[in-house]
Number of protein chains: 2
Amino acid sequence: MPVQKIEKVDFLLRCWEVFNRQGYHNTSMQDLAKATGLQKAGLYHHYPTKQLLMESVLDFAMQRFRSYVLAVAADTSLPVEQRFEKMLRRQRRLAMLQRQGCFFANIALETGRDEIFNKMLLLAMEEWTVSLSSLYADRFEEADAVMEARRVIMEYEGAVVFYKISGNPQYLEDFVTRATKAFRAVPSIQHIHHHTSIGI
Amino acid sequence: MPVQKIEKVDFLLRCWEVFNRQGYHNTSMQDLAKATGLQKAGLYHHYPTKQLLMESVLDFAMQRFRSYVLAVAADTSLPVEQRFEKMLRRQRRLAMLQRQGCFFANIALETGRDEIFNKMLLLAMEEWTVSLSSLYADRFEEADAVMEARRVIMEYEGAVVFYKISGNPQYLEDFVTRATKAFRAVPSIQHIHHHTSIGI
DNA sequence: GAATATGCCAACCGATCGGTTGGTAAATTT
DNA sequence: AAATTTACCAACCGATCGGTTGGCATATTC
């Protein structure tokens with residue numbers, strides 16, 4: 001077989017950039033061809049439809065989100081408050097990349113009623129929720145931790161809406177400040193049952 | 001001039017329904033023609049471009065939102081806690097109409113980077129914020145009231161994202177419950193300076 | 001080194017896109 | 001009642017849409 005013109009990771013990254021910038025319906029296969037250096041028929045050699053290509057891109061986006069944002073929650077070398085803030089800061093940085101906002105929310109609101117990507121999108125949002133909620137583990141019982149994590153994500157998505165139509169990053173910064181402060185304000189109960197502190 | 005086939009209010013309402021259901025880019029002038037009973041050229045008789053038609057629809061949507069949701073905040077016949085809850089319930093009901101979510105947020109995330117409707121959208125969001133913040137007037141000083149109102153709207157927009165991809169209205173109901181409870185929990189300071197309660 | 005599998009593209013398909021043209025018919029103005 | 005204004009439409013425009021076809025060229029398999 002002949003040489004590939006573009007690596008799969010590069011290919012998906014470029015498609016992601018275009019979809020994130022222009023949305024699903026407003027992105028044509030021609031646009032994706034130009035962005036990846038292929039011709040339209042070249043795309044159809046790898047993906048039978050635009051929708052299936054998008055599913056691969058969503059999958060790819062989730063992997064990257066996992067390793068860039070969600071991974072922070074599992075980094076036990078950092079105290080939990082710092083992990084919390086670091087996660088939110090990374091979310092924020094993602095949203096500000098070329099003022100694209102949150103890829104998942106963009107696609108969710110644009111295609112939600114079509115039911116074509118909802119399964120993947122909901123999975124992504126729930127994984128995000130679980131990941132963030134793990135940081136609340138020593139402050140709330142699990143159900144409340146999940147609830148609170150979801151609430152913070154909701155607030156983030158709303159902040160992104162304000163940011164996207166205003167271009168003003170202050171909405172996102174205020175969100176990070178507010179959420180982090182609230183997180184620190186919740187009393188930790190961890191040391192009662194699994195922080196060995198001094199001796200015994 | 002000949003008789004009109006459709007009243008302007010009906011016309012805008014039907015266009016709003018289509019745009020809200022399908023989004024901006026995924027709605028064609030043909031779709032709008034079919035929904036309003038006109039032909040495509042008939043639309044162009046009233047609006048020179050799709051974008052200007054959309055601006056009229058956004059304007060119309062804001063008027064309706066104002067009279068259906070924001071008006072509740074000004075209804076002084078109800079105690080402030082009830083006005084707060086009633087507003088949120090009406091927002092929720094709007095979002096659940098055919099699972100469309102929030103029209104403003106839908107268009108915001110879809111077209112935000114295009115900068116074509118941002119001015120109107122930001123105006124709408126800020127008017128909403130001010131309206132909701134008026135209910136906090138006796139609990140916070142103004143800057144904090146605005147901040148808190150905006151935070152609640154952000155949380156609502158996030159709840160809509162979860163609702164839209166899941167179809168589960170629980171996300172919205174939980175939001176209303178949570179926000180209302182939090183509102184009631186904030187101590188009112190109004191009676192100190194302008195509630196005459198008993199005598200004097 | 002012949003056969004095969006693969007990556008890719010030029011050219012094409014019918015359908016639809018946003019928008020235009022030239023006109024008809026009815027209500028209003030004069 | 002003539003002139004004008006208005007609401008609207010059938011038919012059309014070039015461009016672009018998602019997707020298809022047939023084939024070329026290269027790397028691998030045998």
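No experiment lies behind these values; they were computed from the predicted model shown. Note: hydrogens, waters and symmetry copies are ignored here, and every other heavy atom, side chains too, is used.
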[N], OP1 or OP2 - any side-chain N/O from [X] closer than 4.0 Å?
{"X": "A:Gln39", "N": "C:dA10", "answer": "yes"}
{"X": "A:His25", "N": "D:dC17", "answer": "no"}
{"X": "B:His45", "N": "D:dA7", "answer": "yes"}
{"X": "A:Ser28", "N": "D:dC17", "answer": "yes"}
{"X": "A:His46", "N": "C:dC8", "answer": "yes"}

- Within a reach of under 6.0 Å around CD of B:Gln98, are more than 12 heavy atoms found that belong to other residues, nucleotides or ligands?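 Count over threshold, so yes.
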- Message: How about CD on A:Glu142, more than 12 heavy atoms from neighbouring residues, nucleotides or ligands closer than 6.0 Å, or not?
- Response: no
Rounded distance in Å - [atom1] ([X]) to [atom2] ([N]):
{"X": "A:Leu52", "N": "D:dG18", "atom1": "CG", "atom2": "P", "value": "14 Å"}
{"X": "B:Gln4", "N": "C:dA25", "atom1": "CD", "atom2": "C1'", "value": "16 Å"}
{"X": "A:Asp31", "N": "D:dG18", "atom1": "CG", "atom2": "C1'", "value": "12 Å"}
{"X": "B:Tyr47", "N": "D:dC8", "atom1": "OH", "atom2": "P", "value": "11 Å"}

- Message: Is the terminal nitrogen or CZ of B:Lys50 (NZ for Lys, CZ for Arg) located under 6.0 angstrom from the six-membered ring centre of B:Tyr24 and within 45° of that ring's axis?
- Response: yes
- Relative to B:Phe84, does B:Arg89 satisfy both conditions: NZ or CZ under 6.0 angstrom from the six-membered ring centre, and within 45 degrees of the ring's axis? no
- Item | Inter- and intrachain pairs under salt bridge (charged side-chain N to carboxylate O under 4.0 Å, His left out), touching residues 117-136 of chain A, at least two apart | A:Arg66-A:Glu127, A:Glu126-A:Arg150
- Closest to the A:Pro2 side chain: C:dT6, C:dC17, C:dA27? C:dT6
Atom pairs, protein N/O to nucleotides 19-22 of chain D N/O, distance under 3.5 Å:
| residue | atom | partner | partner atom | Å |
| --- | --- | --- | --- | --- |
| D:dG19 | OP2 | A:Tyr44 | OH | 3.0 |
| D:dG19 | OP2 | A:Lys50 | N | 2.8 |
| D:dG19 | N7 | A:Lys40 | NZ | 3.3 |
| D:dG19 | O6 | A:Lys40 | NZ | 2.7 |

- Task: Look at all strands and tell whether B:Thr36 reaches a base, only sugar-phosphate, or nothing, counting heavy atoms closer than 4.0 Å.
- Result: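 No contact.
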- Message: Quick test of your reading of the model: are A:Glu85 and A:Arg90 salt-bridged, counting only N-O distances below 4.0 Å?
- Response: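 No, no charged N to carboxylate O under 4.0 Å.
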